[in-house]
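So the structure is just underneath, and the comments pick up after that.
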Protein chains: 2
Amino acid sequence: MKNSTKLSDAMHILTYIAINPNHDLSSTQIAQSVNSNPVVIRRIMSQLKKANLLLSENGKATPSLAHDSHNISMLDVYHAVENEPTFLKIDDQTNPNCPIGSQIKTVLDTDYTSIQKRQNKKWQRLPLRML
Amino acid sequence: MKNSTKLSDAMHILTYIAINPNHDLSSTQIAQSVNSNPVVIRRIMSQLKKANLLLSENGKATPSLAHDSHNISMLDVYHAVENEPTFLKIDDQTNPNCPIGSQIKTVLDTDYTSIQKRQNKKWQRLPLRML
DNA sequence: ATACATGTAACTATACATGTTACAGCTAAA
DNA sequence: TTTAGCTGTAACATGTATAGTTACATGTAT
C-alpha cells in the first residue's frame with residue numbers, strides 16, 4: 001500500500017471549515033485549497049460524516065463541524081479516514097507449524113497494542129492555533 | 001498509511017536468529033517460518049544489515065545479531081525497513097496561494113513531529129520473552 | 001425551470017509490497 | 001578443484017490501495 005495523505009487532507013478540510021464558517025464551503029472551493037479534486041474532498045467528507053465529526057446536507061454547501069473543534073482530536077480523524085485499527089500491521093500468514101511462526105503474531109500484537117495505547121493519549125487537537 | 005508487514009517480518013527474522021543461533025539459519029529455512037520466499041527474507045535482511053542490526057556474509061548461512069537483543073528496539077527495526085521517517089504523511093501538494101493550504105503543512109508537521117517524538121520512547125525491544 | 005450543490009459508483013493511473021525467476025559470486029567440503 | 005548450497009541483487013509479475021476523474025442521481029434555492 002501507499003503512504004496516504006488522507007489524514008493530512010482530512011485535517012485540512014476540518015480546519016478549513018472551522019476557520020471559514022462564512023466563506024464558500026463547497027467541495028470545489030475546498031478542493032482548491034487542498035489542491036485536489038472536489039470528488040476526493042467529498043469522499044473524505046463522507047468518511048468524516050460517518051464518523052460523526054462533520055455535518056453536511058445533500059445539495060447544500062454548508063458543512064459544519066459536528067463538535068467544538070477542541071473536542072475533535074487528530075486520532076478521531078485518523079480513525080475516521082484510515083481503515084487499519086493501528087499503524088502497524090502484523091503478518092498473519094506465518095507458519096503455524098513453526099514455534100516462532102506460530103507465536104510471533106501474539107507477541108507482536110501485544111507490543112503493537114501497548115505502543116498504540118500509549119500513543120493514543122498523545123494526539124493533538126485540531127490545529128486551530130493557526131487562527 | 002502503509003499496509004506493510006515488513007516490520008512484522010523483520011522482527012520475526014531477528015527473533016528467529018536470536019532464538020535459534022545453532023539451527024539452520026538459511027534464508028530458505030527462515031522463509032518457511034515466515035511462510036514467505038527466500039528472496040523476500042534476504043531482501044529484508046539486506047536492509048537490516050545496512051542499518052547495522054544484522055551481520056551476514058555472502059555464501060554463509062550464519063547470520064547473527066549485530067548487537068545484544070536488548071539493545072535492538074522495534075523502532076530501530078522500523079527505521080531499517082520502512083523508508084518514511086514517520087508514520088504520518090503530510091500532503092505537500094496543497095495550494096500555496098490559499099492561507100490554509102500554505103500553512104497546514106507547517107502546522108501538521110509540528111503536530112506529527114511532536115507525536116512521533118513522544119512515540120519513539122515507547123517502542124519495545126525484541127520480543128525475546130517468548131523464549 | 002434552472003443553476004449549482006452533494007453523494008456515490010465506476011473507471012483509470014500510479015505507487016508500492018510481495019512473490020518469483022534468474023544468475024553472479026562466495027563458502028565449505030569431498 | 002569440482003560440486004552443492006548459500007548470499008546478494010536485478011528484473012519482472014502480480015495484487016492491492018490511493019488518488020484523480022467522469023458521470024449521474026438527487027437535493028436545494030431562487
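Hydrogens, waters and symmetry mates are skipped; everything else that's a heavy atom, side chains included, is used. Reminder, nothing fancy here: chain letters follow the sequence lines and each chain counts from 1.
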Next item on the list: Before giving the answer on side-chain contact (heavy atoms from CB on, under 4.5 Å), spell out for B:His12 and B:Thr15 the whole-Å C-alpha distance, their side-chain angles and the decisive distance to 0.1 Å.
Entry: CA-CA 5 Å; B:His12 190 150; B:Thr15 304; 5.9 Å; no
Margin query: Set out, in order, the CA-CA distance, both residues' side-chain angles and the distance that settles side-chain contact (heavy atoms from CB on, under 4.5 Å) for A:Asn37 and A:Arg43, then state yes or no.
Written below: CA-CA 10 Å; A:Asn37 191 287; A:Arg43 197 146 55 196; over 6 Å; no
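The side chain of B:Ala61 sits closest to D:dC6 out of D:dC6, C:dT6, D:dG20. Of the listed nucleotides (D:dT22, C:dT20, C:dT8), D:dT22 has the atom at the smallest distance from the side chain of A:Asn37. When the nucleotides C:dA17, D:dG20, D:dT7 are ranked by their closest atom to the side chain of B:Ser56, D:dT7 comes out on top. Among the nucleotides D:dT7, C:dA5, D:dT21, the one closest to the side chain of A:Ser26 is C:dA5. The side chain of B:Ser4 sits closest to C:dT18 out of C:dG19, C:dT18, D:dG8.
Note: A:Met11 CE to A:Ser8 OG = 9.0 Å, rounded to the nearest 0.5 Å. The CG atom of A:Leu65 sits 7.0 Å away from atom CG of A:Leu54, with the distance rounded to the nearest 0.5 Å.
The shortest non-hydrogen separation linking B:Leu25 to B:Ile30 is O-CD1, 3.8 Å. Residue A:Asp24 comes nearest to A:Gln29 through the heavy atom pair O-CG, 3.2 Å, listed as atom of the first residue, atom of the second, then distance.
Straight-line distance from the CG atom of A:Asp91 to the P atom of D:dT16: 15 Å, rounded to whole Å. As a whole-Å value, the separation of A:Met45 CE from C:dT8 C1' is 14 Å. Computed from coordinates, the B:Leu54 CG to D:dT7 P distance equals 11 Å when rounded to whole Å. Across the protein-nucleic acid pair, B:Lys89 atom NZ and C:dT14 atom C1' stand 12 Å apart, rounded to whole Å. Between the P atom of C:dT18 and the NZ atom of B:Lys6 lies a distance of 7 Å, rounded to the nearest Å. Remark: P of C:dA5 and CD1 of A:Ile41 are 15 Å apart, rounded to the nearest angstrom. If you measure from atom CD1 of A:Ile44 to atom C1' of C:dG7, you get 15 Å, rounded to the nearest angstrom. Distance CG (A:Leu55) to P (C:dT6): 15 Å, rounded to an integer number of Å.
Annotation: side chain of A:Asn52 is in contact with side chain of A:His67 (closest heavy-atom distance under 4.5 Å).
Taking only side-chain nitrogens and oxygens, B:Ser46 never comes nearer than 4.0 Å to OP1 or OP2 of D:dG8. When the side-chain nitrogen and oxygen atoms of A:Thr5 are compared with OP1 and OP2 of D:dA19, one or more of them lie within a distance under 4.0 Å. Of the side-chain N and O atoms in A:Thr28, none sit less than 4.0 angstrom from OP1 or OP2 of C:dA5. Proximity of B:Lys49 to the phosphate of D:dT7: no side-chain N or O atom is located under 4.0 Å from OP1 or OP2.
Judged by distance alone, with hydrogens and angles left aside, the side-chain atoms of B:Thr113 form a donor-acceptor pair with the main-chain N or O of B:Asp109 at under 3.5 Å.
Comparing A:Val40 and B:Arg43 along DNA chain D, the residue whose closest nucleotide (by nearest heavy atom) sits nearer the 5' end is B:Arg43.
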Side-chain donor-acceptor contacts of residues 91-100 of chain B below 3.5 Å, not counting sequence neighbours, with atom names and distances?
| residue | atom | partner | partner atom | Å |
| --- | --- | --- | --- | --- |
| B:Asp91 | OD1 | B:Gln93 | N | 2.9 |
| B:Thr94 | OG1 | B:Gly101 | O | 2.6 |
| B:Thr94 | OG1 | B:Lys105 | NZ | 3.1 |
| B:Asn95 | OD1 | B:Asn97 | N | 2.8 |
| B:Asn95 | ND2 | A:Gln32 | O | 3.0 |

Next item on the list: Kindly express the pairing pattern of DNA chain D in dot-bracket notation, using | wherever a base pairs with another strand and counting only Watson-Crick or G-U pairs under 3.5 Å.
Entry: ||||||||||||||||||||||||||||||
Next item on the list: If a protein heavy atom is under 4.0 Å from the base, mark B; if only from the sugar-phosphate, S; if neither, -; do that for nucleotides 22-30 of chain C going 5' to 3'.
Entry: B--BBSS--
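With respect to B:Asp9, the side-chain contact (heavy atoms from CB on, under 4.5 Å) criterion is satisfied by exactly one of B:Ile41, B:Val81, B:Ile44, B:Asn35: B:Ile44.
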